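As structure tokens, the structure follows; a few thoughts come after it.
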Amino acid sequence: MDYNFEVIDKEKIGSLTFPNSDVLDDDKEAIKQRKEELDRALTLGNLEHHKIKIYFEDDESKKMVDTTIWGLTEERIILKQGVVIPIRRIYKTI
């Protein structure tokens, strides 16, 4: 999956703009899987400070960040220093 995604530093995410549309286009199964992956990533981040790859898209291009998820709300994931990514803009986490 990496080949279409630009690697970005976590510190740059705060300056990105995210559209309101969902990158998974109402694919109910993919959206359910994304939620399960995020729940697992949150557990790994909190218990083991385990980094994961987050594949997402802002208003310009597809990006990937290798980081730890510190928090999860209904609408966004929270990274260190309060950096957030809207869940609707995430393709998958590995």
Side-chain angles (χ1 to χ4, degrees):
M1 189 172 219
D2 292 36
Y3 49 86
N4 286 332
F5 290 79
E6 167 195 351
V7 176
I8 185 172
D9 291 329
K10 166 178 87 266
E11 293 73 24
K12 294 187 175 155
I13 294 172
S15 65
L16 302 178
T17 303
F18 296 100
N20 288 326
S21 58
D22 194 312
V23 296
L24 298 180
D25 293 330
D26 290 332
D27 179 338
K28 302 238 183 298
E29 192 57 40
I31 289 170
K32 180 176 172 247
Q33 183 176 347
R34 174 175 63 193
K35 174 79 172 109
E36 290 169 0
E37 289 172 355
L38 288 170
D39 288 339
R40 182 174 166 272
L42 176 65
T43 301
L44 288 172
N46 285 335
L47 293 179
E48 303 171 25
H49 303 289
H50 187 78
K51 285 188 172 188
I52 56 149
K53 289 179 170 53
I54 303 168
Y55 294 88
F56 66 99
E57 187 172 352
D58 66 355
D59 62 345
E60 293 180 8
S61 65
K62 295 178 177 180
K63 297 179 170 48
M64 188 279 288
V65 63
D66 195 14
T67 189
T68 304
I69 294 180
W70 287 89
L72 190 58
T73 71
E74 282 297 311
E75 297 186 351
R76 59 188 61 89
I77 62 170
I78 303 160
L79 311 177
K80 272 189 186 167
Q81 293 139 357
V83 173
V84 299
I85 300 175
I87 291 173
R88 68 182 181 275
R89 301 307 298 171
I90 297 172
Y91 286 98
K92 75 183 288 102
T93 54
I94 299 176

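These figures come from a predicted structure and were not determined experimentally.
- Closest of all the heavy-atom pairs between Glu57 and Phe18 is O-CD2, 3.7 Å.
- For Asp59, there are no side-chain hydrogen bond (donor to acceptor under 3.5 Å, both in side chains) partners at least two apart in sequence or on another chain.
- The CZ atom of Arg88 sits 12.5 Å away from atom CG of Leu24, with the distance rounded to the nearest 0.5 Å.
- The hydrophobic clustering, which links ILVMFWY residues whose side-chain heavy atoms are closer than 4.5 Å, places Leu16 and Leu79 together.
- In terms of the side-chain contact (heavy atoms from CB on, under 4.5 Å) criterion, residue partners of Leu42 (sequence neighbours excluded) are, by chain and number, Asn46, Ile69, Leu72.
- Using a cut-off of 4.0 Å between Lys/Arg side-chain N and Asp/Glu carboxylate O, Glu36 and Arg40 are scored as not salt-bridged.
- Here the closest non-hydrogen pair linking Glu6 and Ser61 is OE1-OG, 3.6 Å.
- We find the NE2-OG1 distance between His50 and Thr43 to be 12.0 Å, quoted to the nearest 0.5 Å.
- Hydrophobic clustering, with ILVMFWY side chains joined whenever heavy atoms are under 4.5 angstrom apart, keeps Ile54 apart from Ile78.
- Side-chain contacts under 4.5 Å among hydrophobic residues (ILVMFWY), followed directly or transitively, place Leu44 with no other residue at all.
- Under the 4.5 Å side-chain heavy-atom criterion for Ile, Leu, Val, Met, Phe, Trp and Tyr, Ile90 and Met64 are members of distinct hydrophobic clusters.
- Applying the side-chain hydrogen bond (donor to acceptor under 3.5 Å, both in side chains) criterion to Lys62, with sequence neighbours excluded, gives no partner residue.
- Ring geometry for Phe5 versus Tyr55: interplanar angle over 60°, hence perpendicular rather than tilted (30 to 60°).
- Every residue was checked against the side-chain hydrogen bond (donor to acceptor under 3.5 Å, both in side chains) condition with Asp27, not counting sequence neighbours, and none meets it.
- When hydrophobic clusters are built by joining Ile, Leu, Val, Met, Phe, Trp and Tyr residues whose side-chain heavy atoms come closer than 4.5 Å, directly or via intermediates, Val23 is not grouped with Ile77.
- With hydrogens and angles left out, the side-chain atoms of Glu37 and Gln33 include a donor and acceptor closer than 3.5 Å.
- Residue pairs that meet the side chain to side chain donor-acceptor pair (under 3.5 Å) test with at least one member in residues 65-81, sequence neighbours left out, do not exist here.
- Ile94 and Ile31 fall within a single hydrophobic cluster, where Ile, Leu, Val, Met, Phe, Trp and Tyr are joined by side-chain heavy atoms under 4.5 Å apart, directly or via other members.
- When each of Ile8, Val7, Ile52 is checked for a side-chain contact (heavy atoms from CB on, under 4.5 Å) with Val65, only Ile8 meets the rule.
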Walk me through whether Lys63 and Ile85 qualify under side chain to side chain contact (heavy atoms under 4.5 Å, CB included).
CA-CA 11 Å; Lys63 297 179 170 48; Ile85 300 175; over 6 Å; no
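- Using a cut-off of 4.0 Å between Lys/Arg side-chain N and Asp/Glu carboxylate O, Asp58 and Lys12 are scored as not salt-bridged.
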